[in-house]
Protein chains: 2
Amino acid sequence: MEYYREDSAILLAVDCIIFGFNGESLQVLLIKRDFEPERNKWSLMGGFVQPDESPELAASRVLKKLTGLENVYMEQCSVFGDPKREPNSRVVSICYFALIDTQKYTHILSEEYEANWFPLQNYPTLIFDHDQMIASAQHRLRIKAALYPILFELLPEKFTIPQIAALYEGVYNIEFDKRNFSRKLLSSDLIIKLEEKDKENSKKGAFYFKLNTAIYKEKIMSFLRYLPSWFPEN
Amino acid sequence: MEYYREDSAILLAVDCIIFGFNGESLQVLLIKRDFEPERNKWSLMGGFVQPDESPELAASRVLKKLTGLENVYMEQCSVFGDPKREPNSRVVSICYFALIDTQKYTHILSEEYEANWFPLQNYPTLIFDHDQMIASAQHRLRIKAALYPILFELLPEKFTIPQIAALYEGVYNIEFDKRNFSRKLLSSDLIIKLEEKDKENSKKGAFYFKLNTAIYKEKIMSFLRYLPSWFPEN
DNA sequence: TTAATTAGTGTCAAATTAACATTTATTTTT
DNA sequence: AAAAATAAATGTTAATTTGACACTAATTAA
């Protein structure tokens with residue numbers, strides 16, 4: 001064991017993988033760096049952890065700075081700390097993924113950034129190891145979304161079943177039987193049917209639903225029963 | 001975005017939650033700190049990330065220092081970074097959990113430590129937020145072990161089905177039907193029956209099995225089928 | 001030789017999944 | 001105005017999986 005030392009030259013940063021859903025595909029929000037190194041290249045939004053803040057707080061701060069949003073669903077994912085991951089300094093970065101409702105994200109706040117949504121299937125080459133960060137966040141999102149109904153965080157207040165289906169299909173990049181999907185979802189009691197219909201996307205129109213937040217919080221585990229029933233806790 | 005700064009006073013550490021299995025219950029390996037602050041209190045084994053090493057490497061180094069073991073199953077879990085988590089300095093700690101075969105861990109290597117195994121149900125109060133670290137690692141272990149057959153990492157080369165059952169029961173702190181358990185396990189082709197029997201623990205004796213490492217690596221996802229069949233990747 | 005103990009295999013009903021069919025509401029076309 | 005087209009929503013069913021319970025097998029101790 002090394003004793004306490006105050007001379008560590010390691011900088012601690014956070015990077016945010018910001019996921020959104022445009023109704024068709026899963027997207028990431030990227031910025032064009034306006035500072036060196038790697039100025040004008042696409043990257044994740046990030047920032048340094050300040051002496052008086054926790055990494056979680058740093059991530060929220062950074063997210064708010066770009067999107068203006070607070071109380072967003074965020075989750076810590078992996079830490080990237082290879083000594084050579086940035087060429088000029090030793091920065092260890094803690095990644096967070098955020099799920100945002102793109103209807104709430106209306107405009108870029110800061111003049112500093114040239115932010116843009118890109119589909120996860122096809123985004124530009126990023127600086128450093130940011131591609132890996134996205135890949136690992138995406139993997140984690142898939143695992144998590146199979147266990148917990150977190151994908152609702154990506155949807156607006158009102159949504160239709162075909163929308164949710166499209167979202168799941170986008171996340172897993174797979175098609176599945178909408179009939180079985182909707183039955184399973186409805187039987188979970190996780191969503192509440194509204195009177196109103198969405199007439200934009202089909203002739204017949206699809207009923208809007210809203211999230212049953214009580215069930216969402218309470219029954220969050222048993223959702224589509226992706227964990228066995230004996231599994232003790234969340 | 002803050003620009004690059006070299007004056008961050010944040011220290012980066014790793015802490016290892018070392019899990020073992022003694023045949024009865026799941027255990028953690030703890031050390032008695034021999035340095036200030038909190039000298040002589042129980043804690044996790046940890047250490048600072050050195051300027052030239054990645055956090056993963058730091059964790060392996062720290063683990064090796066205590067146990068002498070290399071190539072151990074380790075996994076990054078959460079980062080603890082509250083500014084006040086340690087009283088005298090700002091240390092952000094990345095946690096790793098390790099799964100070790102206690103038969104390979106024979107003796108404490110360093111005179112520095114007074115290491116001891118404790119059952120997860122009942123271990124001493126730890127310094128700082130180390131209790132939370134264990135809790136979060138345990139939770140992660142449970143989730144992961146429900147998806148992947150990683151618990152075999154805790155078992156010796158040769159093991160019996162009752163042993164595996166006891167391990168799973170220990171991890172989830174629950175009892176389940178051994179008959180259904182063994183049928184499920186056997187149908188996974190994950191284990192290979194050996195000629196030899198373990199006569200130590202029962203009159204009848206239980207056949208030893210070994211892990212089918214090919215299947216372990218390849219079919220690792222579908223194990224007990226805790227994820228739906230459409231789940232695309234690991 | 002018998003009783004006790006635990007390993008390992010067997011059976012079956014209930015629940016769940018996955019594949020496929022039909023009906024319904026609405027708009028567009030003829 | 002009727003028919004065709006489109007996509008939503010509900011329905012049916014066989015195959016698979018789970019979970020509860022019973023029994024047989026191998027061995028040691030009494």
Side-chain angles (χ1 to χ4, degrees), chain A residues 23-24 146-147 149 155 158-170 172 174-210 219 221-232, chain B residues 23-24 146-147 149 155 158-170 172 174-210 219 221-232:
Chain A
E24 285 202 349
L147 306 178
L155 295 170
K158 296 185 305 185
F159 47 80
T160 66
I161 290 185
Q163 270 171 39
I164 314 174
L167 172 54
Y168 272 82
E169 292 187 333
Y172 293 103
I174 209 173
E175 281 206 33
F176 38 62
D177 192 302
K178 315 293 185 299
R179 298 163 290 188
N180 291 335
F181 179 83
S182 85
R183 186 154 27 79
K184 213 168 179 181
L185 184 56
L186 286 167
S187 74
S188 74
D189 278 326
L190 207 69
I191 59 176
I192 299 167
K193 195 176 194 169
L194 303 177
E195 295 299 308
E196 196 186 352
K197 264 188 172 182
D198 162 40
K199 297 284 188 79
E200 302 253 312
N201 300 297
S202 76
K203 291 171 182 173
K204 180 175 175 181
F207 279 104
Y208 278 118
F209 287 79
K210 66 175 180 179
K219 267 196 174 177
M221 274 311 294
S222 56
F223 179 45
L224 299 181
R225 209 159 173 292
Y226 290 148
L227 277 188
S229 54
W230 49 262
F231 198 84
Chain B
E24 284 202 349
L147 306 177
L155 295 169
K158 295 184 307 185
F159 47 80
T160 66
I161 290 185
Q163 269 171 40
I164 314 176
L167 172 54
Y168 271 83
E169 293 187 332
Y172 292 103
I174 209 172
E175 280 206 33
F176 37 61
D177 192 303
K178 315 296 184 297
R179 298 163 291 189
N180 290 336
F181 179 83
S182 84
R183 185 155 30 79
K184 212 169 180 181
L185 184 56
L186 287 168
S187 74
S188 74
D189 278 326
L190 207 68
I191 58 176
I192 298 166
K193 195 176 193 169
L194 303 177
E195 295 299 308
E196 196 185 353
K197 263 187 172 182
D198 162 40
K199 297 286 188 77
E200 303 252 312
N201 299 298
S202 76
K203 290 171 182 172
K204 180 175 176 181
F207 279 104
Y208 278 119
F209 287 78
K210 66 174 181 180
K219 266 196 175 178
M221 274 311 294
S222 57
F223 180 43
L224 300 182
R225 211 157 172 291
Y226 289 147
L227 278 187
S229 53
W230 49 262
F231 198 85

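In the text below, chain A, chain B and the rest are named by the order of the sequence lines, each starting its count at 1.
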To the nearest Å, how far apart are A/D177 CG and D/dA9 P?
14 Å
To the nearest angstrom, the CD-P distance between B/E175 and D/dG19 comes to 16 Å
Grab the NZ-P distance between A/K203 and C/dT27 for me, whole Å please.
10 Å
Check for a donor-acceptor pair, side chain of B/K197 on one end and backbone N or O of B/K204 on the other, with a separation under 3.5 Å.
yes
Is there a side-chain polar atom (N or O) of B/K184 under 4.0 Å from OP1 or OP2 of D/dT18?
yes
Using the side chain to side chain contact (heavy atoms under 4.5 Å, CB included) rule, take A/L186 and A/F209 through it: C-alpha gap first, then chi angles, then the decisive distance, then the call.
CA-CA 10 Å; A/L186 286 167; A/F209 287 79; 3.8 Å; yes
Note: B/F207 and B/E195 closest approach over all heavy atoms is CE2-O, 3.3 Å
Polar-atom pairs under 3.5 Å, protein N or O versus N or O of nucleotides 7-9 of chain C: list them with distances, or write none.
from: C/dA7; atom 1: N3; to: B/K204; atom 2: NZ; distance (Å): 2.6
from: C/dG8; atom 1: OP1; to: B/F207; atom 2: N; distance (Å): 2.9

Could you check how far CG of B/D198 sits from C1' of D/dT27, rounded to whole Å?
13 Å
Rounded to the nearest 0.5 Å, what separates atom NZ in B/K199 from atom OH in B/Y208?
11.0 Å
Crowded around B/K210 NZ? As in, over 12 foreign heavy atoms under 6.0 Å?
no
When the ring planes of B/F176 and B/Y168 are compared, do they come out parallel, tilted or perpendicular, using 30° and 60° as the limits?
tilted
